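To start, the structure under review is shown below, and the notes come after it.
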Amino acid sequence: MHLAGREDRQFRDMTARKTRRAKLCVFCLTRLAHEVEHVLPKSWYPATTPQTVQRVTVPACGICNDEFEKAERAFAHPLLMALNPDVPHAKSLIEKHQSSWQSRHAPTEEEARRRDDRLRRIAKDVRYVLTPEDGRAYPRLAGRTPGGLHVTVSPAFQIEAPVRQLIAAKFVRGFHYKEHKSTLPLDARIAFFWFDQFEEQVAADVRDVLMAVPYNERLAPALRYRAWREEEYALWEFVLWEHFPFGALVLMPASDATKG
């Protein structure tokens, strides 16, 4: 009886210690974090990533992990299709992405069918838009408007707004937690924007301040990022694979912005 009582106390003490160590998911702030999540997805690191680069992970719940995995696929696919193959660190990412829908190198017939299905889904998602006259090397195809006017068009993909918002929230909440060891309030508003919209979205004096902040290079060449913070809001810039700059504007809830 004495031994059983001691073991019971040890079990209770161990359970209490585990409970004290348990953390909430840094993204939803409601569920316990039984997993870790790579803030920058593992598959987004190119083969040229130095061995010294340490992947950034944070505590997360399974539900958030699953939600992010779907958003990451939807976000990365159009960008990977637009990577410049002449950039050395882009080559491995392009090859890995292409192998996911090229059936001729599939190891089995079943995998070849899956890749063919994936290619058909990609083809359905293609949209043809007027080719911008900005000097970039877009694929240029002959097209015709409904009125019969001959135009030059380029294939394009659209990233839906909810997907963009999820990626912005994941990056901001994940990197904020890693840097400050604290979570952003759940009601902090995080808005995604492409950096070619920077001048439209952000006042000139704020842009100048952000541009003076040095990039955090610890995940390069996969990702460079920087942030400028005030009590009421924060502004983040992310540059993915040296190709795609995008940003996030964070508006803090009034109760947190006015503290202290």
Side-chain angles (χ1 to χ4, degrees), residues 22-33 36-41 44 55-61 63-65 67-68 70-72 74-76 79 158-220 222-260:
K23 296 179 179 178
L24 289 177
C25 171
V26 304
F27 302 110
C28 66
L29 302 182
T30 56
R31 294 179 288 268
L32 288 178
V36 295
E37 172 73 355
H38 285 77
V39 181
L40 183 70
W44 290 15
R55 277 58 166 165
V56 176
T57 61
V58 295
C61 68
I63 293 177
C64 284
N65 273 2
E67 189 175 39
F68 287 135
K70 295 174 185 175
E72 288 157 8
F75 187 82
L79 303 186
Q158 182 177 4
I159 303 177
E160 301 293 339
V163 170
R164 302 196 303 264
Q165 290 297 117
L166 268 176
I167 295 298
K170 182 189 182 187
F171 277 25
V172 168
R173 291 187 179 278
F175 288 124
H176 175 91
Y177 178 85
K178 200 65 180 180
E179 292 181 3
H180 300 281
K181 305 303 179 188
S182 63
T183 56
L184 283 176
L186 192 57
D187 53 350
R189 295 170 57 193
I190 302 173
F192 175 102
F193 61 89
W194 293 111
F195 238 69
D196 58 5
Q197 303 167 343
F198 194 35
E199 294 186 2
E200 302 173 12
Q201 300 280 347
V202 181
D205 56 338
V206 177
R207 294 200 304 270
D208 292 342
V209 172
L210 178 65
M211 293 299 103
V213 177
Y215 282 114
N216 185 316
E217 303 276 352
R218 65 179 171 179
L219 300 179
L223 182 74
R224 305 176 195 273
Y225 69 93
R226 57 186 169 187
W228 174 69
R229 302 173 180 85
E230 285 286 325
E231 288 186 352
E232 297 180 358
Y233 55 87
L235 187 64
W236 292 71
E237 178 192 5
F238 304 98
V239 183
L240 188 59
W241 306 317
E242 305 290 359
H243 278 66
F244 308 108
F246 59 95
L249 178 63
V250 184
L251 300 178
M252 298 295 289
S255 58
D256 287 87
T258 57
K259 283 181 181 177

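Not measured: the values here are computed from a predicted model.
Considering only heavy atoms from C-beta on, Trp241 comes within 4.5 Å of Leu79 through its side chain. With contacts defined as side-chain heavy-atom distances shorter than 4.5 Å, the pair Leu184/Tyr177 does not qualify. Phe192 is not listed as a side-chain neighbour of Val163, based on a closest heavy-atom distance of 4.5 Å or more. A heavy-atom distance below 4.5 Å is found between the side chains of Leu166 and Glu67.
From Tyr233, atom OH reaches atom CG of Leu249 across 8.5 Å, with rounding to the nearest 0.5 Å. A distance of 8.0 Å separates CD1 of Ile63 from OG1 of Thr30, quoted to the nearest 0.5 Å.
Remark: Arg229 engages His176, Glu179, His180, Ala227, Ala234, Trp236 in a side chain to side chain contact (heavy atoms under 4.5 Å, CB included) (not counting sequence neighbours). Among residues two or more places apart in sequence or in another chain, the ring pair (Phe, Tyr, Trp, His ring centres under 6.0 Å) test is passed with Phe27 by Phe68. A search for salt bridge (charged side-chain N to carboxylate O under 4.0 Å, His left out) contacts involving Arg226 returns Glu237, not counting sequence neighbours. For His38, there are no ring pair (Phe, Tyr, Trp, His ring centres under 6.0 Å) partners two or more places apart in sequence or in a different chain.
Considering all non-hydrogen atoms of both residues, Val39 and Gly174 come closest at CG2-CA, 3.9 Å. Pro253 approaches Ala188 most closely through the heavy-atom pair CD-CA, 3.8 Å. Here the closest heavy-atom approach between residue Ala222 and residue Leu40 is recorded as CB-CD2, 3.5 Å. Closest of all the heavy-atom pairs between Thr57 and Lys178 is O-NZ, 3.1 Å. Shortest non-hydrogen contact noted between Leu29 and Leu24 is O-CD1, 3.5 Å. The heavy-atom pair separating Asn65 from Ala60 by the smallest distance is OD1-CB, 3.4 Å.
Close placement of the Tyr225 and Phe175 rings is indicated, their centers lying within 6.0 Å of each other.
Residue pairs meeting the salt bridge (Lys or Arg N to Asp or Glu O under 4.0 Å) criterion with at least one member in residues 160-176, sequence neighbours excluded, are Glu37-Lys170, Glu72-Lys170. Residue pairs meeting the salt bridge (Lys or Arg N to Asp or Glu O under 4.0 Å) criterion with at least one member in residues 240-249, sequence neighbours excluded: Arg224-Glu242.
For CZ of Arg218, the number of neighbouring non-hydrogen atoms (other residues, nucleotides, ligands) closer than 6.0 Å is greater than 12.
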Working for side chain to side chain contact (heavy atoms under 4.5 Å, CB included), residues Leu223 and Phe171 | CA-CA 11 Å; Leu223 182 74; Phe171 277 25; 4.0 Å; yes
Dump the intermediate steps for side chain to side chain contact (heavy atoms under 4.5 Å, CB included) on Phe244 and Phe75, then the final yes or no.
-> CA-CA 12 Å; Phe244 308 108; Phe75 187 82; over 6 Å; no
